[in-house]
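Working notes for the structure below.
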Amino acid sequence: MPADYHNMDFNYDDDDAAAATNSGGGTDYEKHITPNNSLDQDNDAANITSLETDLPSTQPPLTNLSMPKKKSSILGASSNLVNSIVGAGIIGIPYALRMSGLWAGILLLILVAVLTDKSLRMLIDQASFHPKLRNLPIHTFEDLASYPFGKIGSGFVLFNMFIMAYGAMVAYLLIIKDTVPTVLGLEHGTHLFERNLILIATSLFVMVPLSMQRDMASLSCTSAMSVTADMMLVVFIAAFSPIKENVAANGGFGEVLKNDGINSTLFVGLGILSTAMACQHSAFIVANSLADKTRLRWRWVTNQSISLSAILCLVLGVCGYLGFLGTTQGDVLNNFPLDSTAADAARVLLAFTMFFTYPMESFVARHVLIMLVHNGDMDARGGCTLENERLVEEDELGDGEDVGDDHTV
């Protein structure tokens, strides 16, 4: 690991004003300067220009990453981020509380939410606003990992991003296959051809068109609809769970709180909660879709998104668990009668959210494949890429040396 990376100061909360003044609220596109070639802040612009001119032949090439053409507001980016968090995992929160214990599960959920918010802000802060990194073209998770760890770090991040996204996509398809046919009257274990046909039809006519959108900002509207459906699902669980009957059967609410603190299967619940709130793999895609990206605007996005997601998970988890206690299943909707009209309505809401959450994970998987196969260029040469934007900037300024001087910190 390069020595200069160890010496970087990643605690710069007191330097927000200076960073915003120098960066102008945006991100400049410059050639990669790896940490081992970076200079101290006391060096002047002439030394930095000389370094850029004398870069060794082993310097990694500038990425061809295609930048978003359409941007979203804070509300749109928040909707996309909430949609990527509150997916299929929300229906497993009651079971997580059963595994960890009521009190322990609530505390763990709050802890996971706080750490998720902190990690999202740290990732984007380091890549886009750190004084020694903000002028470098770091626009993806793997770019950030490549600076301290090289190609191994970049490959490791891409591999895990694909596994996370692909696993979620498979889970969403399975949920759709289980819920939509059931609502239509096709019982489990029967009508296999019809069930598969429904899955294929909904995939081709709903999820594929949404997944083929170029920019994530185009999904802001459908994400808002998905979040609304999630809210309605939470209201259903809170309203129709037999909380009063089950709590009374177990000695009253005080007795439940007294005896349900922490369980030996605590870490099973922690694993479920951590997976349900995981969204770091889509952080850069959502952040790059934010118009006028600044540290403050990104903080608003993460605070709003994590707060709303945590509240939805907490309400659904507590109400779902208190309604069924020791018999709570991994999918809390399975605790409700299959022939219940209200339960069918909840399954429709769940399938509705899966239709609009699937493209969020599809964007991540697509990003990984484009990076591996096309070096990040989804538009082909001549598109809206970092390299072409840099060339346009040089042409507008009229002198490559002026570009280096203007972008020097």
Side-chain angles (χ1 to χ4, degrees), residues 82 85-113 175 178-180 182-183 185 187-188 226-277 306-354:
V82 173
I85 297 173
V86 186
I90 190 172
I91 59 176
I93 300 298
Y95 183 75
L97 297 185
R98 173 190 170 187
M99 290 291 100
S100 59
L102 182 58
W103 282 109
I106 293 174
L107 294 177
L108 286 176
L109 178 58
I110 297 174
L111 176 62
V112 169
I175 291 175
D178 286 341
T179 55
V180 176
T182 301
V183 173
E187 298 180 359
H188 290 277
S226 177
V227 174
T228 303
D230 283 321
M231 293 179 180
M232 296 173 63
L233 180 62
V234 171
V235 171
F236 164 83
I237 298 296
F240 291 97
S241 294
I243 299 176
K244 184 177 180 180
E245 295 81 356
N246 278 276
V247 170
N250 284 269
F253 189 68
E255 193 68 20
V256 171
L257 294 179
K258 178 181 178 181
N259 298 328
D260 202 352
I262 183 172
N263 295 334
S264 59
T265 54
L266 171 71
F267 290 100
V268 175
L270 177 60
I272 298 173
L273 295 172
S274 301
T275 303
M277 297 290 291
I306 299 301
S307 298
L308 178 57
S309 301
I311 292 173
L312 292 177
C313 291
L314 186 61
V315 174
L316 188 145
V318 172
C319 293
Y321 173 64
L322 291 178
F324 303 100
L325 293 174
T327 61
T328 304
Q329 300 186 34
D331 179 354
V332 70
L333 295 182
N334 291 335
N335 285 102
F336 293 90
L338 294 177
D339 57 351
S340 171
T341 302
D344 286 341
R347 294 184 179 93
V348 170
L349 291 173
L350 180 61
F352 188 79
T353 63
M354 295 300 99

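Computed over heavy atoms, backbone and side chain alike; hydrogens, waters and symmetry mates excluded.
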### F352 vs L233, side chain to side chain contact (heavy atoms under 4.5 Å, CB included): CA-CA, chis, key distance, verdict
CA-CA 10 Å; F352 188 79; L233 180 62; over 6 Å; no
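- Side chain of N334 to backbone of G330: no donor-acceptor contact under 3.5 angstrom is found.
- Looking at residues two or more places apart in sequence or on another chain, you find a ring pair (Phe, Tyr, Trp, His ring centres under 6.0 Å) between F324 and F336.
- For F267, there are no ring pair (Phe, Tyr, Trp, His ring centres under 6.0 Å) partners at least two apart in sequence or on another chain.
- N263 places a side-chain N or O within 3.5 Å of a backbone atom of R98 that can act as its donor or acceptor partner.
- Checked by atom type and distance alone, the side chain of N250 never pairs as donor or acceptor with a backbone atom of E255 at under 3.5 Å.
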#### Entry: Criterion side chain to side chain contact (heavy atoms under 4.5 Å, CB included) on C319 and I243, from CA distance to verdict
CA-CA 7 Å; C319 293; I243 299 176; 4.0 Å; yes
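- Between G92 and I272 the shortest heavy-atom distance is O-CG2, 3.8 Å.
- T353 contributes a side-chain N or O that, together with a main-chain N or O of L350, makes up a donor-acceptor pair within less than 3.5 Å.
- Within the model, atoms CH2 of W103 and CG of D260 stand 10.5 Å from one another, a figure rounded to the nearest 0.5 Å.
- Annotation: side chain of L308 is in contact with side chain of V227 (closest heavy-atom distance under 4.5 Å).
- Scanning both residues, G323 and S241, for their nearest heavy atoms gives CA-CB, 4.1 Å.
- Smallest separation of non-hydrogen atoms from A343 and P337: CB-O, 3.5 Å.
- Contact of the L316 side chain with the D230 side chain is not registered, since no non-hydrogen atoms from C-beta on lie closer than 4.5 Å.
- Using modelled atom types, one side-chain atom of T265 and one backbone atom of M99 make a donor-acceptor pair closer than 3.5 Å.
- Listed here is the closest heavy atom pair of I237 and L333: CD1-CD2, 3.8 Å.
- Taken to the nearest 0.5 Å, the CG atom of L109 stands 5.5 Å off from the CG atom of L273.
- To the nearest 0.5 Å, atom CD1 of residue I93 and atom CE of residue M277 are 8.0 Å apart.
- The minimum heavy-atom distance linking L266 with L108 is given by the pair CD1-CD1, 3.3 Å.
- Note that CE of M231 and CG of L349 are 13.0 Å apart. Values are rounded to the nearest 0.5 Å.
- Scanning both residues, I306 and A113, for their nearest heavy atoms gives CG2-O, 3.3 Å.
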### Query
Would L97 and L322 satisfy side chain to side chain contact (heavy atoms under 4.5 Å, CB included), going step by step from the backbone distance to the final call?
CA-CA 10 Å; L97 297 185; L322 291 178; over 6 Å; no
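- Taking CG from L314 and CD1 from I90, the interatomic distance works out to 10.5 Å, rounded to the nearest 0.5 Å.
- L270 places a side-chain heavy atom less than 4.5 Å from the side chain of V112.
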